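This structure is a prediction, so every number in the text was calculated from the model and none was measured. Residue numbering restarts at 1 for every chain, and letters A, B, ... go by the order of the sequence lines.
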Number of protein chains: 2
Amino acid sequence: MKATIYDIAREAGVSIATVSQVINGKGKISEKRRAEIMEIMERLHYQPSAIAAALTGKQTYTLGLLVPDISNPYFAELARAVEDRSRQLGYSVVICSTDNKDERVERYLNLLQQKRVDGMMIGTGIDNAEILSPLLQQSIPIALIARHMPSLSVHTVTIDDILGGALAAEHLLELGHTRLAVLSEPSKVSSSQERVRGFRETLIKAGYTLEPNQIRESAADLSSAKKEALLLLGEKDHPTGLFCCNDIQAIGALQAAKELGLRVPEDVSIIGFDNTILASVTSPPLTTVAQPIEELGHRAVDLLIEELKDEQKEPQKIVLKPELVIRESAGRVLG
Amino acid sequence: MKATIYDIAREAGVSIATVSQVINGKGKISEKRRAEIMEIMERLHYQPSAIAAALTGKQTYTLGLLVPDISNPYFAELARAVEDRSRQLGYSVVICSTDNKDERVERYLNLLQQKRVDGMMIGTGIDNAEILSPLLQQSIPIALIARHMPSLSVHTVTIDDILGGALAAEHLLELGHTRLAVLSEPSKVSSSQERVRGFRETLIKAGYTLEPNQIRESAADLSSAKKEALLLLGEKDHPTGLFCCNDIQAIGALQAAKELGLRVPEDVSIIGFDNTILASVTSPPLTTVAQPIEELGHRAVDLLIEELKDEQKEPQKIVLKPELVIRESAGRVLG
DNA sequence: CTGAAAGCGCTTACAG
DNA sequence: CTGAAAGCGCTTACAG
């Protein structure tokens, strides 16, 4: 049988209140008693029930994290950052893969509420912002990660996607490219749209244009991206500089180029986005716009915990800066 | 304020016992009352407290998963499989990255016990098997994933690592390679040792040998592996066939080969292990021994849940079969 | 078919 | 410095 606080109290000949105090390091207990009680707890392998504690007003010290797919390296790296900070602060995290389906999001949201998590981080796409409103009513702390939902009054940690797109454009321009294209995610992914926007605006400022048919869309998986890139790069007068809205798409483009007999970067330069582990593993390794994934995760946790501590309610908006990581998939234009 | 079962009961003019029954779909409640109560719960956004329920004898419907590092694609894919099956069965999972440190493992184990998770899956290395024994005493269901701990009486889901190594050897032999080497993980990683063993035994059976200095070790990160591979492949009369104990190491070898001006597979054939997403993204794509990662995760969850249901205590040992996935990094020996 | 009551394992004032 | 008691939000027999 599992030992309870009563067992410890009986064994020590004290009340459960006293035991509770030593567990929580509160109150004034004589050093001798405290040591004695600690010893008994160890001996009985006593693990106080966090569940009972939570029921009596303490937090659950558990956070929820919603992502589209934990097996995607970007979200896996994000999850690691979230977990690390949470652990440091004494929290554990339950991870939920939603596959970007609202129905799944909603079910997880309810589940996490029932389990009384202290806060939730949402890094998954949500079509209908409405499904978050019950949480807001219960005033459960929420932080959006790399997602914009202007209609909602919640904490938000994002990166400057426009700047990210601009960084890619500037690099390609510096390398002498003028025939440019972009491979973006479907239009409902707002961050992707912003990246495209930053990219295009930078081109325009420099006196170049981006033809509508040079903006292609594909799902975020490898084979969709490759298929679309095959079409784009297969045309005569294909672009010499291609900006992809995430690393997976860039890899699809890399594979398409190879299949078409195009050399990277000699014949086409390709730039990715995210700087996940994938970017360092391809050949050539990807030049890519790096998201500060670790900081995204840390800051999201911090926002939640601060709100839990201070009752500080005003939602914060944090915007982090992406950075260009130059590797080998983009080079000077030839000829 | 959050609605409780009392609020619902009062609103409906019934006792909390009745509300409890409709929540749990138990007992016989007149259809009319049931509908009425359901309606009230919806209207008040009532979410029953899983914490209170757990305190009164129900499960927490939460499982723990310990892995070395959730940002490693292998473990990320495993986590996804675990999560999927858990969700189907009504459980959520808290994920813990241990960096293979016993101290961290121990802290997480205690934490998960305090949170009263219903079971734990352990996919992380543990030096000192002792730290699991308190759990066994509490008879908390435990399943080891891809780890051997013969001294412990717990559920185990592994793959046949010896067969995996043999598969790699057979393939290389078929392609005509005779100068072979292996890049393995440090000797404390038992699965890696088994892979090497299967590899070597197959060579011996075929009449070849594997010189001790052709068995190299490196940590599982990219740069360590690359460094070691640089040494190995830099020698004259370097091996033409190299078996690496995981995909990351194989990628390190790929990069080393490239740096040395060796073509893959024309000058060196390289085989990896795991078949994570990384294997499909390199150039050339990796021929690798695939672990049935999804099934590993599913089976581990199933074992736990079965034990929770049936009180069926005998620890099960499940061994799954790896398979060779032929892509392009291994080819026929030239000359 | 439905309700009163005990109990799960804690924490938190409140006394003393 | 320490204990008695109430209460957190449920579930589970047990009556009726």
Side-chain angles (χ1 to χ4, degrees), chain A residues 1-38 40-41 44-62 110-118 138 140, chain B residues 1-38 40-41 44-62 110-118 138 140:
Chain A
M1 229 26 270
K2 227 173 178 2
T4 72
I5 199 171
Y6 292 99
D7 301 318
I8 307 298
R10 191 180 327 115
E11 188 79 8
V14 299
S15 77
I16 60 166
T18 302
V19 178
S20 175
Q21 313 226 83
V22 353
I23 293 171
N24 296 291
K26 285 190 184 169
K28 312 252 150 236
I29 314 276
S30 67
E31 197 35 67
K32 189 172 150 211
R33 280 221 158 150
R34 143 173 266 102
E36 201 176 306
I37 292 173
M38 298 273 270
I40 295 173
M41 295 195 295
L44 269 49
H45 295 298
Y46 172 62
Q47 300 281 6
S49 165
I51 260 156
L55 193 57
T56 62
K58 287 181 105 175
Q59 298 181 22
T60 54
Y61 292 96
T62 302
N110 287 337
L111 195 63
L112 293 174
Q113 266 186 87
Q114 295 181 189
K115 298 202 173 174
R116 299 294 188 263
V117 298
D118 297 324
Q138 322 273 220
I140 296 176
Chain B
M1 226 28 266
K2 232 178 173 2
T4 72
I5 199 171
Y6 292 99
D7 300 318
I8 308 298
R10 190 181 327 116
E11 188 79 9
V14 300
S15 76
I16 60 166
T18 303
V19 178
S20 175
Q21 315 225 83
V22 352
I23 292 172
N24 296 292
K26 286 190 184 169
K28 312 249 151 242
I29 313 274
S30 67
E31 196 37 66
K32 190 172 149 214
R33 281 222 155 150
R34 143 172 266 103
E36 201 176 307
I37 292 173
M38 298 273 270
I40 293 173
M41 294 196 297
L44 270 49
H45 294 298
Y46 172 63
Q47 300 281 6
S49 164
I51 260 157
L55 193 58
T56 63
K58 287 181 103 175
Q59 297 180 22
T60 54
Y61 293 98
T62 302
N110 286 338
L111 195 62
L112 293 173
Q113 267 187 86
Q114 295 181 187
K115 299 202 173 172
R116 300 296 188 262
V117 299
D118 298 324
Q138 322 273 220
I140 296 176

Inset, instruction - Enter the distance from B:K2:NZ to B:D7:CG here, rounded to the nearest 0.5 Å. - result: 11.0 Å

Inset, instruction - Any chance you could measure B:Q113, atom CD, to B:I140, atom CD1, to the nearest 0.5 Å? - result: 4.0 Å

Measure from [atom1] on [X] to [atom2] on [N] and round the result to the nearest Å.
X	N	atom1	atom2	value
B:K2	D:dG9	NZ	P	10 Å
B:I51	D:dT11	CD1	C1'	16 Å
A:L55	C:dT12	CG	P	13 Å
B:Q21	C:dA4	CD	P	13 Å
A:M41	C:dG9	CE	C1'	15 Å
A:Q113	D:dC10	CD	P	13 Å
B:E36	C:dT2	CD	P	10 Å
A:K58	C:dA13	NZ	P	13 Å

Should [X] and [Y] count as side-chain neighbours, where that means a heavy-atom distance under 4.5 Å?
X	Y	result
A:V22	A:M38	yes
A:Q21	A:R34	no
A:I23	A:Y46	yes

Nucleotide nearest [X] when distance is taken to its side chain, options [options]:
X	options	value
A:S49	D:dT11, C:dC10, D:dC10	C:dC10
B:I5	D:dG9, C:dG9, C:dA4	D:dG9
A:T18	D:dG9, D:dT2, C:dG9	D:dT2
B:A52	C:dT2, D:dT12, D:dC10	D:dC10
A:T4	D:dC10, D:dG9, C:dC10	C:dC10

Legend entry - Partner nucleotide of D:dA15 by Watson-Crick or wobble geometry (both distances under 3.5 Å): C:dT2

Please determine whether a side-chain nitrogen or oxygen atom of [X] lies at a distance below 4.0 Å from atom OP1 or OP2 of [N].
X	N	value
A:S20	C:dT11	yes
A:R33	D:dC1	no
B:T56	C:dC8	no

Inset, instruction - Determine the contact category for B:I16: base if any of its heavy atoms lies under 4.0 Å from a base atom, sugar-phosphate if only primed atoms, P, OP1 or OP2 are that close, otherwise nothing. - result: base

Legend entry - Comparing A:Q47 and B:V14 on DNA chain C - which has the more 5′ nearest nucleotide: B:V14

Legend entry - A:Y6 (side chain) and C:dC8 (base): donor-acceptor pair under 3.5 Å: no

